[in-house]
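Worksheet for the structure shown next.
Please read these numbers as outputs of a predicted model, since none were measured by experiment.
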Amino acid sequence: MFANGLSSSPSNTPAPFHGPKFPAIAIRDDVEAARRVLTSLGVIRVRAVVGFSMGAQQAFQWAVGHQDFMDQIVAYCGTAKTYPHGVVRLESAISALTADAAFNDGNYASPPMRGLAAWANSWTAWTRSQEWWRLELFKPGARTVDDFMAAQTRYWSSKDANDLISQARTWQRHNVGDTPGFNGDHERALRSIKVPVLYMPCQTDLYFPIGDIRYESQFIPQVSVVPIPSLLGHIAGTGGNRTDNDFINAEIQRFLK
């Protein structure tokens with residue numbers, strides 16, 4: 001994935017495409033890069049494409065843009081298009097980060113720490129369900145919500161601001177309907193999918209709410225919608241909770257069989 005700080009990113013690309021000058025990235029670019037790697041290794045078809053969050057966006061992009069490359073796809077905690085509420089939510093985090101004067105339009109000499117802390121506050125509010133917060137399930141790892149937020153701030157403050165913004169822009173702009181031949185029509189793009197799809201929303205995901213998944217699923221010819229029963233919201237798909245992991249793994253294994 002471009003802009004993640006490991007692949008080509010604003011933080012590690014030399015001039016003239018460094019920092020805020022890094023080019024705009026689409027999910028299609030991530031998929032095309034992966035396709036080139038696979039084909040260079042002699043891989044011409046895969047058993048399945050499995051993706052979480054922006055990886056789920058990639059899974060749908062594979063299924064629409066490279067329809068004969070895989071037998072099945074699994075998309076969990078992610079959708080085939082970013083809808084307006086997601087655009088606004090992401091923009092709020094970007095706005096919080098860039099409001100720090102130290103950000104300097106992305107030309108910072110040192111990390112904009114206040115902006116990164118503001119990003120952490122905005123981002124963390126959406127990562128887990130309201131009930132998770134009400135039940136204070138951040139305990140016993142953190143004594144109080146303030147302790148939990150402090151840990152989140154430390155985590156996000158270790159990231160590069162331009163990398164975060166580039167990834168958020170990629171997420172904001174994604175629409176599988178922008179695949180050539182569909183003229184922006186995501187419903188028609190979803191109808192074109194030839195392979196079986198396992199679509200797994202988390203029941204309490206605030207990033208990719210289950211209603212969006214139910215809406216999209218009506219256009220996919222061969223789809224199984226299996227909600228993940230978790231209070232962790234979007235975080236249910238990140239691998240940190242054994243119960244959620246076991247559920248996801250069992251459903252994927254059942255689907256692939």
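The closest side-chain heavy-atom distance from L164 to W123 is not below 4.5 Å. When side chains are defined from C-beta on, D30 counts as touching I27, because their heavy atoms get closer than 4.5 Å. Two residues are said to be in side-chain contact when any heavy atoms from C-beta on lie closer than 4.5 Å; I193 and V64 meet this criterion.
For residues 12-29, no residue pair satisfies the salt bridge (Lys or Arg N to Asp or Glu O under 4.0 Å) rule, not counting sequence neighbours.
Here R154 pairs with nothing under the salt bridge (charged side-chain N to carboxylate O under 4.0 Å, His left out) rule; sequence neighbours left out. Judged as a side-chain contact (heavy atoms from CB on, under 4.5 Å), and not counting sequence neighbours, the contacts of P209 are D212. Qualifying salt bridge (charged side-chain N to carboxylate O under 4.0 Å, His left out) partners for D68, counting only residues two or more places apart in sequence or in other chains: K194. Contacts of T238 classified as side-chain contact (heavy atoms from CB on, under 4.5 Å), with partners at least two apart in sequence or in another chain: F52, I235. With sequence neighbours excluded, the residues forming a salt bridge (charged side-chain N to carboxylate O under 4.0 Å, His left out) with K139 are E136, listed by chain and number. Residues meeting the side-chain contact (heavy atoms from CB on, under 4.5 Å) test with S7, sequence neighbours left out: F2, N4. Judged as a salt bridge (charged side-chain N to carboxylate O under 4.0 Å, His left out), and not counting sequence neighbours, D185 has no contacts. R169 is linked by a side-chain hydrogen bond (donor to acceptor under 3.5 Å, both in side chains) to E91, Q172, counting only residues two or more places apart in sequence or in another chain. H85 is linked by a ring pair (Phe, Tyr, Trp, His ring centres under 6.0 Å) to W126, counting only residues two or more places apart in sequence or in another chain.
Counting heavy atoms of neighbouring residues, nucleotides and ligands inside a 6.0 Å radius, atom CZ of R47 exceeds 12 of them. Crowding of R45 atom CZ: a count of heavy atoms from other residues, nucleotides or ligands under 6.0 Å exceeding 12.
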Donor-acceptor contacts, no H, no angles, side chain residues 74-84, under 3.5 Å, sequence neighbours left out:
unit_1, atom_1, unit_2, atom_2, d
T79, OG1, K81, O, 2.7
T82, OG1, Q57, NE2, 3.2
T82, OG1, W171, O, 2.5
Y83, OH, E216, OE2, 2.6

Name each donor-acceptor pair under 3.5 Å that joins a side chain in residues 110-122 to protein atoms two or more places apart or in another chain, with its distance.
unit_1, atom_1, unit_2, atom_2, d
S122, OG, S92, OG, 3.4

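H186 and Y215 have tilted rings, their planes meeting at an angle from 30° to 60° on a 0 to 90° scale. Using bins of under 30°, 30° to 60° and over 60° for the plane-to-plane angle, the ring pair Y207/H234 lands in the tilted bin.
Just one of C202, P227, P201 meets the side-chain contact (heavy atoms from CB on, under 4.5 Å) condition when paired with I213; it is P201.
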